Undergrad: 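Sharing a structure here in structure tokens format.
Just so we're on the same page: letters track the sequence lines, and every chain starts at 1. Treat the numbers as computed from the prediction; the structure is a model and nothing was measured.
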Amino acid sequence: MIKITLPDGSVKEFEKGVSSHDIAMSISEGLARNVLSAKVNGEVWDSTRPITTDATVQLLTWNDLEGKSTFWHSSAHVLAEALEEIYPGVKFGIGPPIDNGFYYDVDLGDQEFGEDDLAAVEKKMLELARNKNEFVRTDVSKADALKYFKEKDDEYKIELIDGLEDGTITFYQQGNFTDLCRGPHIPNTGIIKAIKLMSVAGAYWRGDEKRKQLTRIYGITFPKQKELTEYLEMLEEAKKRDHRKLGKELELFTFSEKVGLGLPLWLPKGTILRERLENFMRKAQVKAGYDPVVTPHIGSKQLYVTSGHYEKYGADSFQPIKTPNEDEEFLLKPMNCPHHCEIYKSKPRSYKDLPVRYAEFGTVYRYEQSGELHGLTRVRGFTQDDAHIFCRPDQVKEEFVKVIDLVLYTFKALGFENYTAQVSLRDPDNKEKYIGADELWERAEREIQEAADERGLSTVAVQGEAAFYGPKLDFMVKDALGRSWQLGTIQVDYTLPERFELEYTGADNQKHRPVMIHRAPFGSMERFVAVLIEHCGGNFPLWLSPDQIAILPISEKYQDYAQELHTTLSEKDIRGFLDNRDEKIGRKIRDAEVMKVPFMLIVGEKEAAEGKVSVRRHGEGDLGSMSIEDFIGHFEQKSAL
RNA sequence: GCCCCCAUAGCUCAGCUGGCCAGAGCAACUGACUUGUAAUCAGUAGGUCGUUGGUUCGAAUCCGACUGGGGGCUCCA
């Protein structure tokens, strides 16, 4: 007999070799039906795998992240099985579960495969699922594993097996399909009731641009048809929040082929929104002791040779701008920091002057690959709410903490609650991708972590995500479709001060090197606005709304009163428009509602006579009539941050 | 840059397996109506069907290339 400890702390005895499924059965049959896999001593196992020692067991169902992963991983195998039946000779790369479903990378040889072909595969998958084939786990030797896939002529699996240790290799079989797989899997394919293949994409084998591109098929499955329907409805809803769609509908921004790819044009309403955000940040920065600076959009090539940007990105970026003078070249600025370094150098600095904080809404240009461009979130020209803090080494942590506070204040003011903080570190295997000495990196990484801890931020460390000159603390927010975007970023940099030979005179009358902190709470105005649009679905907080009010006269007889009202409100910095069209009031209301104008002020005979306005709130309806003063009071209360 | 999908009027879209003048709604313009809480009525104008080669007696429709958009991959100072 062995002892099984369950999550509630209870301990039960079972025969040696009991499976998690059996354990579930001992609790209830219903539970057993829902068990997809189980965490045995912290490791996720098949629910059918025998347990031979004392163990803690946590049963995993659809409600557990790991349960879902198991389900989707198994679904990927069913996808592979279906593909093999329809396209004999297909070779398989990898087929893992992801946040929303799963994919399988396959090599279909010369076969063309497009989205039209998904339906047939989907149908085959459903057929295979209905067979309720069991997933069978077997241990295989490395030699046997290689032999199996050599016979199948699947070079991808062979490469994967080559990287594995003999004695740790397992195969899983369901129906007629056998795959190299660590597992675990669900008991049988019958649990998969609803299947949707979402899309086809190209993906490089092992993520390497230089290797063969495989066909990646994305799909998602559910244990109930209803859940699939709900998921698809959720996607439809998310599409309505897409910033590209809302940006067009609400007349915030546009793109023009003639202007160029990835170069956004801000329309008047979008510009107001953006300027309000900028003013918000300016105010916060003044309070936090920043000094505004302005620098040009281009800089001599030499500036970026010094900073290291040219060496790192020169060839893959916008090419230098030439002048009539030979050998004179300028670059569109990809970052503001080199310019700010030169501002720092404009006069001698004392230790008493530090920290110096230079802030600029600096527009930068980066040549992103065409396939990467995406609405406002990924563009070739954008404006950072940039600032560089030059401080003494002993001030780094304190300054870093202050920046964290600024970022958190910003997020809070704009209602972003679901962000994650990521400590972005070097890729330890590719140190040559970065500049700067090891000990400086280690020190910077330590300081970032300490500062984050001091503010109680829960962080995730991710290797290989650092900037080339230093580690970062990045704030990530998800868009409407669940894709993660980096907004705010804070970076400690010991390297640029070296390269630019920045110094200050210490109390000891010696020259010392300052430390730089790069930071941008919004990240870029473009990306931030995009994520904000999706976050609030176009219903901006009142203080940000491009049009805060719409004045809607009942008929042209009340235009004078409406005009007067418009002027009065403008003087109070309440922004909006007067709808003077020869339309019925219902029509004017509808149009203002569609444009998501927060307040509609309806004025007719009664209002004109009594000096009042009828107030209608977007999405809520008629609030009744009130005096103009009362409305202004109400508005100011609602628009406060 | 690479893989897959898409491209018809300012916007949203219809035009089936190639064959009468390429259509609708909204927006625009003109006129009438002078309006009380989510679309007043009538009329007018607007498209070399993304561009460019080809197949065909005939192409918006089939094929190729290019350009742009979308979903991914790679990349992201």
Undergrad: Tabulated below should be each protein N or O lying under 3.5 Å from an N or O of nucleotides 30-34 of chain B; please produce it.
TA:
| unit_1 | atom_1 | unit_2 | atom_2 | d |
| --- | --- | --- | --- | --- |
| B:rC33 | N4 | A:Asp582 | OD2 | 3.4 |
| B:rU34 | O2 | A:Glu556 | N | 3.4 |

Undergrad: For A:Glu84, check salt bridge (Lys or Arg N to Asp or Glu O under 4.0 Å) against everything at least two apart and list the hits.
TA: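 Salt bridge (Lys or Arg N to Asp or Glu O under 4.0 Å) check on A:Glu84 returns A:Lys152.
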
Undergrad: Partners of A:His388 by side-chain hydrogen bond (donor to acceptor under 3.5 Å, both in side chains), sequence neighbours excluded?
TA: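 With sequence neighbours excluded, A:His388 shows a side-chain hydrogen bond (donor to acceptor under 3.5 Å, both in side chains) to A:His340, A:His518, given in chain and number order.
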
Undergrad: With A:Tyr310, which residues qualify under ring pair (Phe, Tyr, Trp, His ring centres under 6.0 Å), at least two apart?
TA: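 A:Tyr310 satisfies ring pair (Phe, Tyr, Trp, His ring centres under 6.0 Å) with no other residue.
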
Undergrad: Would you jot down, in residue-number order, the residues of residues 195-207 of chain A having a non-hydrogen atom under 4.0 Å from RNA chain B?
TA: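 Correct list: A:Ser199, A:Val200, A:Ala201, A:Gly202, A:Ala203, A:Tyr204, A:Gly207.
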
Undergrad: What residues, two or more places apart in sequence or in another chain, satisfy salt bridge (Lys or Arg N to Asp or Glu O under 4.0 Å) together with A:Arg380?
TA: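 Result, salt bridge (Lys or Arg N to Asp or Glu O under 4.0 Å) vs A:Arg380: none returned.
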
Undergrad: Return no unless some side-chain N or O of A:His374 is found under 4.0 Å from OP1 or OP2 of B:rG71.
TA: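 The answer is yes; a side-chain N or O of A:His374 sits under 4.0 Å from OP1 or OP2.
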
Undergrad: Counting only side-chain N and O atoms of A:Arg590, is one of them less than 4.0 Å from OP1 or OP2 of B:rU37?
TA: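 Indeed not, no polar side-chain atom of A:Arg590 lies that close.
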
Undergrad: Could I get the full list of ring pair (Phe, Tyr, Trp, His ring centres under 6.0 Å) partners for A:Phe522, not counting sequence neighbours?
TA: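 Applying ring pair (Phe, Tyr, Trp, His ring centres under 6.0 Å) to A:Phe522 gives A:Phe528.
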
Undergrad: Provide a list of protein-nucleic acid N or O atom pairs under 3.5 angstrom, restricted to nucleotides 10-13 of chain B.
TA:
| unit_1 | atom_1 | unit_2 | atom_2 | d |
| --- | --- | --- | --- | --- |
| B:rU12 | OP1 | A:Lys248 | NZ | 3.4 |

Undergrad: Taking side-chain hydrogen bond (donor to acceptor under 3.5 Å, both in side chains) as the test, write out the residues that go with A:Arg426, two or more places apart.
TA: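 Once residues adjacent in sequence are excluded, the partners of A:Arg426 under the side-chain hydrogen bond (donor to acceptor under 3.5 Å, both in side chains) criterion are A:Asp438.
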
Undergrad: Can you pull out every salt bridge (Lys or Arg N to Asp or Glu O under 4.0 Å) where at least one residue sits in residues 296-313 of chain A? Sequence neighbours excluded, please.
TA: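 Output for this query lists A:Lys301-A:Glu329.
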
Undergrad: Show every salt bridge (Lys or Arg N to Asp or Glu O under 4.0 Å) that has at least one partner inside residues 589-602 of chain A, sequence neighbours left out.
TA: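 Applying salt bridge (Lys or Arg N to Asp or Glu O under 4.0 Å) to every pair that reaches into residues 589-602 of chain A, excluding sequence neighbours, yields A:Arg581-A:Asp591, A:Arg587-A:Asp591, A:Glu593-A:Arg616.
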
Undergrad: A:Phe222: what forms a ring pair (Phe, Tyr, Trp, His ring centres under 6.0 Å) with it, not counting sequence neighbours?
TA: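 Counting only residues at least two positions away or on another chain, A:Phe222 forms a ring pair (Phe, Tyr, Trp, His ring centres under 6.0 Å) with A:Trp62, A:Tyr231.
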
